[in-house]
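Reviewing the structure listed below.
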There are 2 protein chains.
Amino acid sequence: MLDVRKLRLLRDLADRGTIAAVAAAHNYTPSAVSQQLAALEREAGAALLARTGRGVTLTPAGAVLAAHAEEVFAALERATAALAATRTGLTGPLRIGAFPTAMRTLLPTALATLAREHPGLDLTVDELDPALVPARLRDGSLDVALVHDYDLVPIAPDPALETAPLLDETMYLAATRPLDLAACRDERWILAGPGTLCHTMTIRACEAEGFLPRARHHADDFVTVLTLVAAGQGVAVVPELALRPPSSPSAAAAAAPSSPSDPAPVGPSGPGAAPVAPAGVVLTPLRTRRRTRFAYRAGTGAHPSIAAFTAAVRAA
Amino acid sequence: MLDVRKLRLLRDLADRGTIAAVAAAHNYTPSAVSQQLAALEREAGAALLARTGRGVTLTPAGAVLAAHAEEVFAALERATAALAATRTGLTGPLRIGAFPTAMRTLLPTALATLAREHPGLDLTVDELDPALVPARLRDGSLDVALVHDYDLVPIAPDPALETAPLLDETMYLAATRPLDLAACRDERWILAGPGTLCHTMTIRACEAEGFLPRARHHADDFVTVLTLVAAGQGVAVVPELALRPPSSPSAAAAAAPSSPSDPAPVGPSGPGAAPVAPAGVVLTPLRTRRRTRFAYRAGTGAHPSIAAFTAAVRAA
DNA sequence: CGGCGAGCATAAGCTGAGCTGATGCTCGAC
DNA sequence: GTCGAGCATCAGCTCAGCTTATGCTCGCCG
């Protein structure tokens, strides 16, 4: 029977590319990983790695085995989730990841709800860009996260992860006067940092109109972005959620949680509520949209702590 | 992450009932199993066993975890099968189990075909009653087996195993003259050994006609049974396959293997061929039927060695 | 009702798996 | 040509996993 701890090292090698990177992720030395993978090759009776220059790559057999290992990990996660469901009351850690806008608008009320209803849960939240979420879920340092993708920057499915839809938002052009995107060729732009999904999305939206945005400022926080727009410092593309005021945890104390049984996406402000522009900012809706989802390791969706978290966020 | 070797001990405890029996199956001492299960409880953060008198039973959490462990083992078996599929040529052991009639009629040509087409396979065959097959598959001492059940003695599905249909046979009353089953109240009977499926099936068939068979002889081998019938020693119920002459491995050399893609059950003698009664024996078809299937551990159906075996048997 | 044996838990001790550190080799960047 | 990254292998240490010993509980039997 193939050893699951060694399979995890093989899968991580498929993800991270080098034995040194896998060792760093597990707090091992590269020597330990090398020996464990050699032992896995003996168990498998097949070469799983090949030396290529200074590094290694997976053989076809190694790639097949790493892919199948995901199913094994998902089955173990389902076993752990089923075990957790046999306990009365939710306990243990729940490590949550979220991008800044979600942290400001969705999480405060959800965390307050969870803390009140499940005092045994040990909740921690890390702020990070959605592009970094997959690696953090795979290495177990996050259990659940909010991620998003844009029409213009779709994300390939990852076999180690599962997602569930939460929001489907309109994107807006924020300026000091009504403008079409096509008319912004000569505007100065406020872009998110290079490497973020929002940065890439904005570049692609402008390219679709036949120009490249001329970057004046870079800022990742939408409150900052909107403040700069109001100050006449440029134009930007922002999502609907960024226009929601910071949530109040005390509002959650009064609100009854909604049913988690219907996960269909809704706008962040509920049916029919239009976003409110900050003073001095004019919003023009764009065709492109942003979708926000829950993401978690394959097999953990039924874990009662994660189910409680997703229910609390939907109710926020 | 729950340790898979310990999960296997838990699952085996669910099957076998005592720590001593699990230890014996693994060539461990009961103390080793006890300590490993205690460690699994610490990993799980839940009580999985409860002391009941001299023995132990699984708690509800333990039962849930043992059930989920089957999914993990199935995923590992699929991984192993996928790995085997990456090799050119089939190698390694293939441990086959079969009941006597199948060994005499189906296996010789199939084994000859496999040996010729896959000389790297190490084929071994054990004869055993189908009732013993599940435990042997679970403990890994068999990889694939032929099993059967009867209309009157159905077998509950086992989550650790998967099956695929092979034969669907008529059962016959064997006597020295034409007889209905209902007329056999006063006949002397030749029954299979107590504890076998065939024994139970015959008892239930007679009970359905309102009487209990009066056992004169007990024999498990259908050749022996038919010889006793011909000698006027009693009546018996026998399956269609028991009437097939022993197969000739050289016939397989001439026959082209059939496609394994359509697994629909057929009669053992092909379409329209009636069974041939031995000299002195008259066969009366009964309504009850016997179904013969392949059985293997969940997840191993796609293993190329098992696929080759099932294809070879279907072609026999 | 007492004796006996089966089943199990726990502790002590031994063995080998799994890790670190040292060493040496290959390869690619500069 | 030098240097550093990446990896394989070996030696040695630590601790997980096993056996053996011991003791307790429970159920069967005389």
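Chain letters run A, B, ... following the sequence lines, proteins first, then strands; residues in each count from 1.
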| query | Just checking B/A32: base, sugar-phosphate only, or nothing, at a heavy-atom cut-off of under 4.0 Å? | reply | base
| Checking all strands, does B/D3 fall into the base, sugar-phosphate, or nothing category for heavy-atom contacts under 4.0 angstrom? | nothing
| request: Determine whether A/H118 and A/L94 make a side-chain contact, defined as any pair of heavy atoms from C-beta on separated by less than 4.5 Å. | output: no
| message | Contact list please: residues 33-53 of chain A against DNA chain D, heavy atoms, distance less than 4.0 Å, in numerical order. | response | A/S34, A/Q35, A/R51
| field | Atom-pair distance (CG on A/L58; P on D/dC7), nearest Å | value | 12 Å
| message | I'd like to know if A/S31 reaches the base of C/dG21 with its side chain such that a donor and an acceptor end up less than 3.5 angstrom apart. | response | yes
| Using a distance-only test with no angle check, is there a side-chain donor-acceptor pair under 3.5 angstrom linking B/H26 and B/D12? | yes
| Rounded to whole angstroms, how far apart are CD1 on B/I19 and C1' on C/dT10? | 13 Å
| said: With heavy-atom distances below 4.5 Å as the criterion, would you say the side chains of A/P60 and B/T86 are in contact? | reply: no
| query | What residue among A/T124, A/V125, A/V144 forms side-chain contact (heavy atoms from CB on, under 4.5 Å) with A/R95? | reply | A/T124
| Atom-to-atom span, NE2 of B/H26 to P of D/dT19 - whole angstrom | 12 Å
| field | For atom OH of A/Y28 and atom P of D/dT14, their distance in whole Å | value | 18 Å
| said: Side chain of B/T29 only, heavy atoms from C-beta on: which candidate in C/dG5, D/dT19, D/dA8 is closest? | reply: D/dT19
| message | Between P on D/dG4 and CZ on A/R54, what's the gap in Å once rounded to a whole number? | response | 13 Å
| Aromatic plane relationship, B/H218 with B/H199 - under 30° parallel, 30 to 60° tilted, over 60° perpendicular | parallel
| request: Give me the ring orientation class for A/H148 and A/F99: parallel if the planes are under 30° apart, tilted from 30 to 60°, perpendicular past 60°. | output: perpendicular
